[in-house]
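Reading through the structure tokens given below for one structure.
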Amino acid sequence: MEYLLPNGDRLSLPDGATGADAAAAIGPGLARAALAIKVDGVTYDLARPLPTGGEGRIEILTERSGEEALELIRHDAAHVFAEAMLELYPGVQISIGAPIENGFYYDLDLPDGVTLNEEDFPAIEARMREHIEADEPFVREDVPVAVALDRYRGAGQSYKVELIEDLVKNAPADAPVETVSLYTNGDFVDLCRGPHAPTTKRIRAFKLQSVAGAYWRGDSNRKMLTRVYGTAFFSQRELDEHLERLERARQNDHRRLGQQLGMFAFSEVSPGAAFWFPGGAAVFNELVRLSREMGRDRGYVEAKTPQVYDSSLWKTSGHWDKYDANMFVTEYEEQQMALKPMNCPGHAKLFSMQPHSYRDLPLRLWEPGLLHRREPSGTLHGLLRVRHFAQDDSHIFCTEDQIQEEVAGVLQFAFDTYRLFELDVRLELSTRPEQRIGSDELWDRSEAALESALAGLGLEYTINEGDGAFYGPKIDIHMTDSLGRSWQLGTCQLDYNMPERFGLAYTGADNAEHRPVMIHRALMGSYERFIGILLEHFGGELPVWLAPLQVIVLPIADRHNSYGRSLRDRMAALDIRVELDDRTESVGRKIRDAEVRKVPFMLVIGDREQASGEVGVREHRAGDVGAVPAEEFIRRISELIATRALRHDRASEG
RNA sequence: GCCGACGUAGCUCAGCUGGUAGAGCACUUCACUCGUAAUGAAGGGGUCCGGGGUUCGAGUCCCCGCGUCGGCUCCA
């Protein structure tokens with residue numbers, strides 16, 4: 001058969017030729033460097049005969065092939081890890097190991113009474129290194145199901161047995177599973193789809209990183225296995241660089257930055273709820289103000305609704321049945337009450353308390369509502385996952401033919417918001433979940449409406465089957481934190497159900513009652529989470545308008561304090577967040593402390609400035625940018641704040 | 001909630017195999033009055049997360065609880 005190389009050359013190979021043959025035919029250097037071969041986009045082991053048919057586009061993967069090549073040796077490393085564990089921990093049962101972004105993992109069931117922690121890693125790594133040095137070939141073998149089952153039953157590897165049984169059970173009727181592939185390296189045989197590099201020695205550098213728990217089959221009703229995470233690279237240098245990147249990301253952890261900047265803290269007297277220090281509260285309030293102002297310009301109106309409601313409200317909305325375990329419930333004079341975990345039922349109730357004409361629609365209600373959710377203890381994570389938070393929450397009540405325009409408006413609003421911070425986001429459309437309320441017909445209409453809104457704006461998105469809210473499908477907007485974890489920011493959810501349950505109505509042009517549609521939306525998600533994301537995104541260096549402290553005045557000597565005070569007072573009167581550092585310390589010291597706090601502007605004032613009514617401007621990172629008249633500085637910073645400028649570089653130059 | 005690790009001064013952390021606590025920074029006071037990333041000295045500050053237990057004696061060992069961290073499950 002004739003194959004096509006990436007450079008356009010053609011390569012003719014006899015039937016039955018392997019990837020190794022292909023590499024050798026191209027050149028001896030490539031034959032040595034080859035790790036695997038890609039045929040029409042599918043990667044194969046070098047030792048396997050090349051598939052025939054298809055277009056025959058082939059590409060030899062080598063160490064220089066990037067992520068695809070790394071995936072191979074990370075998968076290899078997972079096998080070597082399991083091999084070492086079987087040798088070092090008799091009785092261990094292995095389940096699943098796989099390459100993932102930036103590394104690999106393997107899930108194991110350790111014998112009773114045996115635990116694994118990071119102190120055990122050096123010994124395991126040493127054993128892994130022996131197997132890598134031994135340059136064990138990975139040998140693939142396709143064996144009948146019965147043979148594989150016998151093998152793993154005999155070895156007491158019940159997880160592998162279950163995996164094989166499920167492979168057979170879940171195979172489509174027209175393509176039954178009769179054989180499974182096994183990969184052997186050294187004495188270790190693993191059930192595995194492959195592909196692998198030719199030998200273990202291709203793993204040039206690796207490291208075990210952490211140990212964690214993971215449910216078998218991802219099912220919280222099943223056994224918790226021990227998961228070990230690790231990574232592998234083609235050189236020690238690349239591995240070291242990767243570890244350094246992780247360390248830098250840890251420096252940008254919002255919890256660390258929040259502490260360092262004096263913005264917020266947590267206490268065990270209220271787990272999952274932040275205490276906001278004045279600096280952090282200022283940031284919080286700036287964001288609330290931003291959503292209020294942007295909403296006002298887009299036809300939103302502000303509402304306020306209660307914190308605690310009788311359980312009947314939650315029964316009407318359906319939350320009581322689905323989320324009762326996740327609400328803070330309390331009793332009050334024999335009434336069961338619950339703290340609101342979301343604003344929608346309150347807003348629906350509010351809507352129902354006044355008559356509405358079709359002329360009033362869409363009604364865009366906004367409330368920075370305070371919410372409490374009883375999140376399981378193990379899920380809390382700094383500001384990113386909390387029990388008490390405030391959402392920039394809106395509910396749009398509209399007619400069915402207004403849906404598309406409203407959804408488009410919400411998405412546009414979202415992008416306008418994120419642009420202020422240069423945040424890169426991605427969209428996901430989540431469709432009907434198994435546990436839901438409402439008829440399939442309503443769901444069909446809702447999902448179609450969201451899809452056409454996305455299509456209308458020409459946006460790219462992925463689909464999350466079954467991940468919708470229990471009352472309607474949603475478009476979610478996600479972002480990634482400093483360690484690559486994904487967090488949801490915004491959401492736009494379409495809901496026919498809540499209006500139904502609350503019996504909402506408006507009077508149409510025909511003077512008859514009609515049911516409105518409800519669109520739930522939040523753009524920052526929660527202010528807490530958004531601040532966490534922003535801190536990591538900006539490495540703690542928030543734009544001036546958002547900075548906890550915008551200006552600090554640094555008198556050189558005590559005799560400049562009164563000038564400093566007058567400067568501070570003038571700026572404070574303009575709502576600029578400003579402090580005066582009148583400690584009896586050296587300027588050097590005051591500057592250092594201000595730099596550590598990442599204060600965007602430092603105003604150094606001494607005899608010269610005092611005499612001329614100027615300020616010596618120092619910008620965070622940029623350093624001394626020269627003296628300007630105080631008026632001039634105040635005018636410029638006010639401008640930066642008023643326009644919510646993203647950057648202030650050169651702010652004090654002409 | 002589940003698995004594992006961790007919890008010592010406001011913060012970051014040290015404290016070997018059990019012998020009743022230490023550093024740096026921060027804070028207070030004093031001296032210094034300083035020109036762009038740490039002036040010096042002195043001082044105050046701890047229910048060693050909480051509760052039980054073992055022991056002559058527990059920060060240290062064991063058990064339970066709480067919290068935090070890394071994951072898993074969940075996330076209206």
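Residue numbers begin at 1 in each chain, while the letters A, B, ... track the order of the sequences.
Taking atom CG of residue A/D324 and atom C1' of nucleotide B/G1, one finds them 15 Å apart after rounding to whole Å. Note: CD1 (A/I556) to C1' (B/G35) measures 4 Å, nearest angstrom. The interatomic distance linking A/H395 (NE2) with B/A76 (P) rounds to 13 Å, in whole Å.
Between the base of B/C32 and the side chain of A/T584 there is a donor-acceptor pair shorter than 3.5 Å. Between the side chain of A/E118 and the base of B/G70, no donor-acceptor pair under 3.5 Å is found. Counting atom types as modelled, A/R385 pairs a side-chain N or O with a base atom of B/C74 as donor and acceptor under 3.5 Å. A donor and an acceptor atom never sit less than 3.5 Å apart when one is taken from the side chain of A/Y215 and the other from the base of B/G71.
Across B/A37 and B/G1, the matching C1' atoms stand 47 Å from one another, rounded to whole Å. Nucleotides B/C56 and B/U12 have their C1' atoms positioned 37 Å apart, rounded to a whole Å. Nucleotides B/G44 and B/C30 have their C1' atoms positioned 14 Å apart, rounded to a whole Å. Straight-line distance between the C1' atoms of B/U28 and B/G50: roughly 31 Å, to the nearest whole Å. Annotation: B/G24 and B/G52 have their C1' atoms spaced 36 Å apart (nearest Å).
In summary, A/R608 and A/E614 do not engage in a salt bridge, as defined by a charged side-chain N under 4.0 Å from a carboxylate O. Salt-bridge formation is not detected for the pair A/D495/A/K474: no Lys NZ or Arg NE/NH1/NH2 atom is positioned less than 4.0 Å from an Asp or Glu carboxylate oxygen.
In this structure, the side chain of A/D109 does not engage the main chain of A/T226 through any donor-acceptor pair within 3.5 Å.
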Candidate pair A/F81 and A/I94, rule side chain to side chain contact (heavy atoms under 4.5 Å, CB included), full reasoning = CA-CA 10 Å; A/F81 168 75; A/I94 58 176; over 6 Å; no
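Using a 4.0 Å heavy-atom distance criterion, A/A212 is classed as a base contact. Contacts of A/V604 with the nucleic acid, taken as non-hydrogen atoms under 4.0 Å apart, include base atoms. Base contact: A/R618 has a heavy atom under 4.0 Å from a base atom.
Remark: B/G35 base-pairs with no nucleotide in the shown strands. Criterion, Watson-Crick or G-U wobble with two distances under 3.5 Å.
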